[in-house]
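Here's the structure, in structure tokens; my notes come after.
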Amino acid sequence: LVEQIRTYLPAGRARAITLDLVAYIVMSMMQMLAFTPDTDGVLCYGKRNREVGSPARFADIKAWLLDADACPTDHILGEGVHGARDCAPGRA
């Protein structure tokens, strides 16, 4: 999924996997899968919603990704993401 999303980004630094990119992907997936009411009150999924995709939610997702207890991972996502320093090649 991440590699597919990266193909839509311009070449160079924009394609780097960063905390912001991972948080954006998580938030986008939450928006696509969240049920939100339309103007008639009918629940639909896959619609953009200010509550699901707010800057505050984005900040919460980034904080969650950085919390080693709430979001444990062994993957190296890049500098600044928890586990990156501890799991970097050459460090045991």
Side-chain angles (χ1 to χ4, degrees):
L1 177 67
V2 173
E3 290 302 320
Q4 182 181 7
I5 291 171
R6 288 178 64 200
T7 62
Y8 293 104
L9 300 173
R13 291 183 64 193
R15 288 195 181 182
I17 298 174
T18 63
L19 176 62
D20 287 339
L21 178 61
V22 174
Y24 177 78
I25 291 169
V26 170
M27 187 172 70
S28 295
M29 294 297 295
M30 290 172 66
Q31 284 189 333
M32 289 179 7
L33 300 174
F35 284 92
T36 56
D38 63 8
T39 54
D40 298 326
V42 177
L43 290 178
C44 301
Y45 69 87
K47 294 179 62 173
R48 295 287 179 191
N49 182 310
R50 288 184 201 165
E51 294 172 12
V52 176
S54 69
R57 177 65 65 100
F58 187 73
D60 288 345
I61 293 170
K62 286 173 53 174
W64 172 72
L65 287 168
L66 289 170
D67 186 340
D69 294 327
C71 180
T73 183
D74 292 331
H75 299 286
I76 300 172
L77 298 176
E79 285 301 319
V81 178
H82 73 83
R85 292 178 304 277
D86 300 331
C87 300
R91 294 183 186 176

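Worth knowing before you read on, the calculation uses all heavy atoms, side chains too, and leaves out hydrogens, waters and symmetry mates.
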I need the minimum non-hydrogen distance between Cys44 and Asp38, along with the two atoms involved.
SG-OD2, 3.9 Å

State whether the number of non-hydrogen atoms from other residues, nucleotides or ligands found under 6.0 Å of Tyr24 atom OH is greater than 12.
no

Please report the shortest heavy-atom distance between Ala23 and Phe58, naming the atom on each side.
CB-CE1, 3.7 Å

Determine the minimum heavy-atom distance between Met27 and Ile61, stating which atoms define it.
CB-CD1, 3.6 Å

Can you tell me how far apart CD1 (Ile5) and CD1 (Ile17) are? Round to the nearest 0.5 Å.
10.0 Å

Shortest non-hydrogen pair, Arg15 vs Arg6, comes out as O-NE, 2.6 Å

To the closest 0.5 Å, what do you measure between CG (Leu19) and CG (Leu66)?
5.0 Å

Which atom pair, heavy atoms only, marks the closest approach of Lys62 to Asp20?
NZ-OD1, 2.8 Å

Distance (rounded to the nearest 0.5 Å) between Thr36 OG1 and Gln31 CD:
9.0 Å

